[in-house]
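Sequence lines set the chain letters: A, B, ... in the order given, protein chains first and strands last, and positions in each chain run from 1. The figures here come from the full heavy-atom set of this structure, side chains too, leaving out hydrogens, waters and symmetry mates.
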Number of protein chains: 2
Amino acid sequence: MTEKKETILQTALELFAKEGFNATSTSKVAKEAGVSEGLVFKHFNNKAGLLEAILKEGEKKFKLFYADVVMENDPRERLRKIILLPFQIAEEEYEFWKLQFKLKWELGYDSTEKMKPLVESITKAFDELSYPAPSLEAELLLQTLDGLSTAIIKHEVSDPENLMKLLLKKYEL
Amino acid sequence: MTEKKETILQTALELFAKEGFNATSTSKVAKEAGVSEGLVFKHFNNKAGLLEAILKEGEKKFKLFYADVVMENDPRERLRKIILLPFQIAEEEYEFWKLQFKLKWELGYDSTEKMKPLVESITKAFDELSYPAPSLEAELLLQTLDGLSTAIIKHEVSDPENLMKLLLKKYEL
DNA sequence: GCATTTTAAGTGAGTAATCACTCATTATTA
DNA sequence: TAATAATGAGTGATTACTCACTTAAAATGC
């Protein structure tokens with residue numbers, strides 16, 4: 001990965017996040033990155049390829065993000081860890097996650113498949129804690145965390161700390 | 001509102017929802033609506049005006065949607081009603097709501113202002129029910145319902161009926 | 001009630017700008 | 001020297017939008 005290639009990727013990420021994929025032209029990406037437009041196509045074939053590279057990195061980051069949760073053996077601790085996740089997103093990464101959400105809407109991306117291991121892991125945790133409807137509990141919790149995550153990266157949450165505490169309390173964690 | 005104007009609006013709604021705002025050209029809207037492209041601009045000035053008209057209708061629908069909740073006086077019943085909302089979205093309106101969510105991402109739209117009356121109404125309900133942290137409870141519930149709504153209109157929820165029941169039970173409703 | 005004028009609805013060809021993408025050429029590095 | 005990185009001018013297609021024009025529907029005068 002050359003330096004310029006990385007610059008292109010980073011610039012595209014920022015612009016796609018700010019303006020959207022279709023609203024961002026390849027010429028703008030090139031200009032902003034201080035690079036010829038041709039180079040963008042040399043490295044990524046076409047505009048869709050550039051997007052794909054960004055999405056791939058997103059998936060990697062996402063998996064890394066929740067790997068610690070899935071690996072946790074103690075069910076209570078596993079639930080605690082996943083609830084903490086949305087509140088641990090670093091502020092300098094808000095743009096990155098915003099792009100991931102944005103693109104998933106723009107492209108009609110279905111993420112259920114990639115979420116499966118996480119869903120199962122949380123379901124199992126609820127099961128081990130003898131919740132009467134583990135899979136429903138898992139679904140509800142994950143949707144809640146999804147809503148919270150989007151609100152957080154949009155800076156729409158006033159008091160994250162106490163919101164987190166409230167949620168933990170609801171699951172007696 | 002002439003018949004053709006309405007057709008344009010409806011067609012644009014469908015195309016924007018399916019392909020996204022920036023990915024849908026005015027010529028495509030016109031062609032699909034069986035109308036000259038010029039007419040689109042006669043009625044809506046520019047592409048952004050067309051979008052604005054759609055968003056305005058969305059706001060109206062949204063307010064109508066939760067009007068019944070805000071008007072409810074009994075706090076328990078008010079909570080029950082708002083929890084029911086996501087599960088009452090008619091299937092033939094999924095595309096419409098999908099568009100609203102999509103556009104809010106695409107345009108970086110901030111909806112907090114429009115949600116304020118709803119937030120306050122729910123906060124008051126929790127307060128009246130003597131929850132220790134009413135405003136946090138309201139925020140959490142609304143984010144949960146937001147997450148659920150998006151999942152529902154994306155057809156990502158397997159068992160809405162029981163998910164609803166579970167959520168109601170959590171609030172002893 | 002009928003003719004005339006004004007207003008609005010609708011058309012479709014045209015515009016400059018921008019789009020994603022190509023390619024022949026040059027600079028850099030292994 | 002061979003291969004890859006990088007350039008930048010150029011391509012046809014498409015974009016949002018305009019405009020001179022026609023058609024249809026009200027509004028007005030007699």
Side-chain angles (χ1 to χ4, degrees), chain A residues 1-58 95 98-100 102-109, chain B residues 1-58 95 98-100 102-109:
Chain A
M1 181 94 76
T2 62
E3 194 180 330
K4 296 212 171 182
K5 187 174 178 185
E6 211 137 5
T7 312
I8 293 170
L9 216 50
Q10 184 56 35
T11 308
L13 171 72
E14 282 165 25
L15 288 177
F16 288 174
K18 211 194 301 168
E19 327 258 5
F21 174 68
N22 283 303
T24 305
S25 65
T26 50
S27 74
K28 197 172 183 181
V29 172
K31 191 180 271 179
E32 198 90 359
V35 138
S36 70
E37 194 176 356
L39 191 60
V40 176
F41 291 90
K42 261 274 152 64
H43 281 312
F44 301 99
N45 279 325
N46 47 41
K47 201 186 172 188
L50 181 54
L51 176 67
E52 212 174 302
I54 291 174
L55 282 175
K56 217 168 240 172
E57 195 152 334
E95 284 307 305
K98 228 187 247 182
L99 174 64
Q100 297 301 126
K102 198 178 219 165
L103 288 178
K104 271 163 197 181
W105 273 109
E106 196 165 348
L107 308 174
Y109 198 86
Chain B
M1 181 93 77
T2 62
E3 195 178 329
K4 295 212 171 183
K5 188 175 178 184
E6 211 136 7
T7 312
I8 292 170
L9 218 49
Q10 185 57 36
T11 308
L13 171 71
E14 282 166 24
L15 289 178
F16 288 174
K18 211 194 300 168
E19 328 258 4
F21 174 69
N22 283 302
T24 305
S25 66
T26 50
S27 75
K28 195 172 183 183
V29 172
K31 192 180 272 181
E32 198 90 357
V35 140
S36 70
E37 194 177 355
L39 190 61
V40 176
F41 291 90
K42 262 272 151 67
H43 281 313
F44 301 99
N45 281 324
N46 47 42
K47 201 185 169 188
L50 181 54
L51 176 66
E52 211 173 303
I54 291 175
L55 282 175
K56 216 167 240 173
E57 196 152 331
E95 283 307 303
K98 230 188 248 183
L99 175 63
Q100 298 299 127
K102 198 179 218 163
L103 289 179
K104 271 164 198 182
W105 273 109
E106 196 164 349
L107 310 173
Y109 198 85

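Within residues 3-34 of chain A, the residues that have a heavy atom under 4.0 Å from DNA chain C are, in order of number, T24(A), S25(A), T26(A), S27(A). Within residues 42-52 of chain B, the residues that have a heavy atom under 4.0 Å from DNA chain C are, in order of number, K42(B), H43(B).
Between the side chains of S27(A) and E37(A), no donor-acceptor pair of N or O atoms lies under 3.5 Å.
Considering only heavy atoms from C-beta on, L13(A) stays 4.5 Å or farther from E57(A) through its side chain. Residues K47(A) and F21(A) have side chains in contact (heavy-atom distance under 4.5 Å, counting atoms from C-beta outward). By the 4.5 Å heavy-atom criterion applied to side chains, K102(A) and F16(A) are not counted as neighbours. Taking the side chain as every heavy atom from C-beta outward, K5(B) and F44(B) approach each other to under 4.5 Å. Side-chain atoms of L51(B) and L103(B), non-hydrogen and from C-beta on, do get closer than 4.5 Å to each other.
For the pair M1(A) CE and dT4(D) C1', the computed distance is 16 Å after rounding to whole Å. Rounded to whole angstrom, the span from the CD atom of E37(B) across to the C1' atom of dG12(C) amounts to 10 Å. When the P atom of dC17(D) is taken as reference, atom CG of L39(B) falls 15 Å away, rounded to whole Å.
Contact annotation: T2(B) does not reach the phosphate of dA8(C) (side-chain N/O to OP1 or OP2, under 4.0 Å).
Within 6.0 Å of NZ on K28(A) lie no more than 12 heavy atoms contributed by other residues, nucleotides or ligands.
Residue contacts shown for V35(A) are limited to sugar-phosphate atoms, with no base heavy atom under 4.0 Å away.
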Evaluate K42(B) against L39(B) for side-chain contact (heavy atoms from CB on, under 4.5 Å), listing each step before the verdict. CA-CA 5 Å; K42(B) 262 272 151 67; L39(B) 190 61; 4.2 Å; yes
